[in-house]
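Input: a single structure, listed below in structure tokens.
These figures come from a predicted structure and were not determined experimentally.
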2 protein chains.
Amino acid sequence: MTTLDLLVQNLSRLPGIGRKSASRIAYYLLKADRSYLATVARQIAELPDRIRSCSVCGNYTEEDPCSVCADPRRDRTVLCVVEQPQDVQTIDATNEYHGLFHVLQGVLSPIDGMGPEKLNLAGLLERVRREGVREVIIATNPTVEGDTTGLYVVRLLKGSGVAVSRLASGLPVGGDLEYADRTTLARSLKGRTPLST
Amino acid sequence: MTTLDLLVQNLSRLPGIGRKSASRIAYYLLKADRSYLATVARQIAELPDRIRSCSVCGNYTEEDPCSVCADPRRDRTVLCVVEQPQDVQTIDATNEYHGLFHVLQGVLSPIDGMGPEKLNLAGLLERVRREGVREVIIATNPTVEGDTTGLYVVRLLKGSGVAVSRLASGLPVGGDLEYADRTTLARSLKGRTPLST
């Protein structure tokens, strides 16, 4: 196989990149300037050395603790429990949440061999107790695995005296009743919010 | 900016990769094993040193002349003129073409400052004369620029005695008349093929 074929093969392993996109990217790289190629290559190669898990929340970070945990302006009494490091950014981007995070680094999934011992759960209860957390928001995905993991966290926090909530599930904003699936619609009915009259 | 932000920014420059895909890829890379990262990084960095243009046809290659030009089983009397190196693979994948290629490395596009002097045209006439080419197939894209470039090549070959043809334009196989655009339908009418009765 040629260098180009090998690169295409390796690029096709990336998420969302099929053979055609990989080939398109490879040909783009062939035309790109050397400094760009050198920079991207260095950034990829150095990734495992520069980025690790925050010892407090489990988020990816270059400094330990991470910038979120170290931010003094954040409300340290609220903790948002998410599955993946990327969820931290997603929730932060709403500008509606100013508390801290706890990254589980996965979800419970017996089929994939993901038991509770593989999740970043050990530090959670300790954080809640030590740091004076008042509320834990479960923000795992609204999937079977995410819901199961959420329930597991709820059980873990039982007796800790902390308020626990779950992200609302329902119709996406801008969506259309007609195109909502039955489960989502059922959840949005069950979780309907009262309006003042 | 963090290492991760910088990598996401650089990955978003790739074709077909927006900010979201770039971020997804970056998080995938964070979980990937070191040897994969090292290999991809090396392949990207070494690209400009390992791959150059074939001095005969203009295709990307590691050896000069390229494997297509050097292949003794190919029909050296037919030459297919394409815009980009990736078009060589695309046409080869049909298994219907067994001749040689000539890669223009671009199309005529005055707006983008692409004049004939920037295309790999110099060697074309010489190849046709020297190598005993009988037919030149113009396989530029069926776009305004591709068609213009094709016409330019036709004019260039005038008087060389070689037969010149153009890839057929028309309805895509498996397509539906209802969804065909007017221009494509008009071309497929104009280029209709006679059937024996």
Q: Under 4.5 Å heavy-atom distance to chain B, tell me which part of A:L4 shows up: side chain, backbone, both or neither.
A: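 When you check distances to chain B, atoms from both the backbone and side chain of A:L4 fall under 4.5 Å.
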
Region of [X] in contact with chain A, defined by heavy-atom distances below 4.5 Å:
X	answer
B:L6	both
B:D49	both
B:E63	neither
B:Q86	both
B:Q89	side chain

Would a hydrophobic clustering, with Ile, Leu, Val, Met, Phe, Trp and Tyr connected at side-chain separations under 4.5 Å, put [X] with [Y]?
X	Y	answer
B:V40	B:I51	yes
B:L156	B:V56	no
B:Y27	A:L104	no
A:L185	A:L167	no
A:V82	A:Y60	no

Distance in Å, [X] [atom1] paired with [Y] [atom2], rounded so as to fall on 0.5 Å steps:
X	Y	atom1	atom2	value
B:L14	A:L11	CG	CG	8.5 Å
A:T39	B:Q9	OG1	CD	11.0 Å
A:L30	B:L47	CG	CG	4.5 Å

Q. Any side-chain heavy-atom pair from A:R13 and B:Y36 closer than 4.5 angstrom?
A. yes

Q.
Between A:V8 and B:Q43, is there a side-chain heavy-atom distance shorter than 4.5 Å?
A.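 B:Q43 does not reach A:V8 side chain to side chain.
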
Can you tell me which of [options] forms the most heavy-atom pairs within a distance under 4.5 Å of chain A?
options	answer
B:P85, B:G16, B:S23, B:A41	B:A41
B:T2, B:T3, B:L37	B:T3
B:E46, B:R24, B:R34	B:R34

Q: Tell me the residues of residues 122-153 of chain B whose non-hydrogen atoms fall below 4.5 Å from those of chain A, in number order.
A: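 If one takes a 4.5 Å heavy-atom cut-off, no residue of residues 122-153 of chain B lies near chain A.
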
